[in-house]
Amino acid sequence: MTPVSPGGDPRAPRESSTVVLDRPFFARPPEVVARDLLGAFLVVRAAGVIHRVRLVETEAYGGRDDPASHAARGPTPRCAVMFGPAGHLYVYRSYGVHWCANVVTGVEGSASAVLLRAGDLVSDDAPGGSPPAALRGPGLLTRAVGLTGAHSGADCASGVTGSVWFERPARARRAAWRATPRVGISKETDREWRFVLDVPREPRRGGVARRPR
DNA sequence: CCAAAGATGTTCT
DNA sequence: GAACATCTTTGGT
């Protein structure tokens, strides 16, 4: 990671104004929240550095009515956060290796959530900073911004005073999106609750775009 | 390029 | 023990 520039950079590109997503935003059905999170930004503040990820892929998970959900069999020590109020993070360990981050949605007790599957890491405002990185997969996304199980239960719907929150551009246009079956599950596979930004065309530069050096 | 194996926390059988 | 809301590494076509 690039260290914070001490004097600030007057040439830092100025983002257009953004709106912080509040609790009513999350207190809606998971498939609605999942779709509306596409194009929004996950913001994580860790050790004085702010990471911003533009979300491009999400998945909705229900509660007891969804066999593919961790909450299908009721609250456990791991997924208890899902049964709490909306707008809190639910971070769990996947295959003993990766961290996966969700936001709790719906009315309290419905135990629904949205899994953050992929995004684009926005470069920091440091001059010559690292270019945007494509974070494909929930485990890579959490690792890039430093989200771990320690963040599970954190409230990310009470403004920018915490360490995690969500933003969306004030002049938000409805982005084109696509719904598909969820990835990596074996139950309820016909439910199309995976949402991805519908990119017009993948920039294909005539075959393998290997970066020369 | 595609397929298979390996790592390993939490939960269920 | 076995299954998982996964990703990396290795080895074979």
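Per chain, numbering begins at 1; letters A, B, ... match sequence-line order.
Pair check for dT8(B) finds none; no Watson-Crick or G-U wobble contact set falls under 3.5 Å.
Taking the ring axis of F25(A) as reference, the NZ or CZ atom of R168(A) does not stay both within 45° of it and closer than 6.0 Å to the ring centre. A cation-pi arrangement, defined by a distance under 6.0 Å to the six-membered ring centre and an angle within 45 degrees of its axis, is present between R93(A) and W99(A). Annotation: cation-pi geometry satisfied between R52(A) and F41(A) (NZ/CZ under 6.0 angstrom from ring centroid, within 45° of ring axis).
In this structure, of dA5(C), dT8(C), dC4(C), it is dA5(C) that holds the atom nearest to the side chain of H70(A). With dC12(B), dA5(C), dT8(B) as the candidates, the nucleotide lying closest to the side chain of V97(A) is dT8(B). Considering only side-chain atoms of R93(A), the nucleotide from dT8(C), dG9(B), dC4(C) that sits closest is dG9(B). The side chain of H98(A) approaches dC7(C) more closely than any other nucleotide in the set dC12(B), dC7(C), dA5(C).
Listed by residue number, T76(A), P77(A), R78(A) are the residues of residues 74-81 of chain A with a heavy-atom contact under 4.0 Å to DNA chain B.
With centres under 5.5 Å and a plane angle under 30°, the ring of Y61(A) is stacked against the base of dA5(C).
If you check every strand for non-hydrogen atoms under 4.0 Å, L115(A) touches a base. R143(A) comes within contact range of the sugar-phosphate backbone alone, with a heavy-atom separation under 4.0 Å but no base atom that close.
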Between L37(A) and L116(A), does the side-chain contact (heavy atoms from CB on, under 4.5 Å) criterion hold? Intermediate values first, please. CA-CA 9 Å; L37(A) 278 178; L116(A) 312 178; 4.3 Å; yes
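To the nearest 0.5 Å, atoms CG (L121(A)) and CG (L141(A)) are separated by 8.5 Å.
Side-chain atoms of T58(A) and R117(A) form no donor-acceptor pair, as typed in the model, at a separation below 3.5 Å.
For the P atoms, the distance from dA2(C) to dA5(B) is 15 Å, rounded to whole Å.
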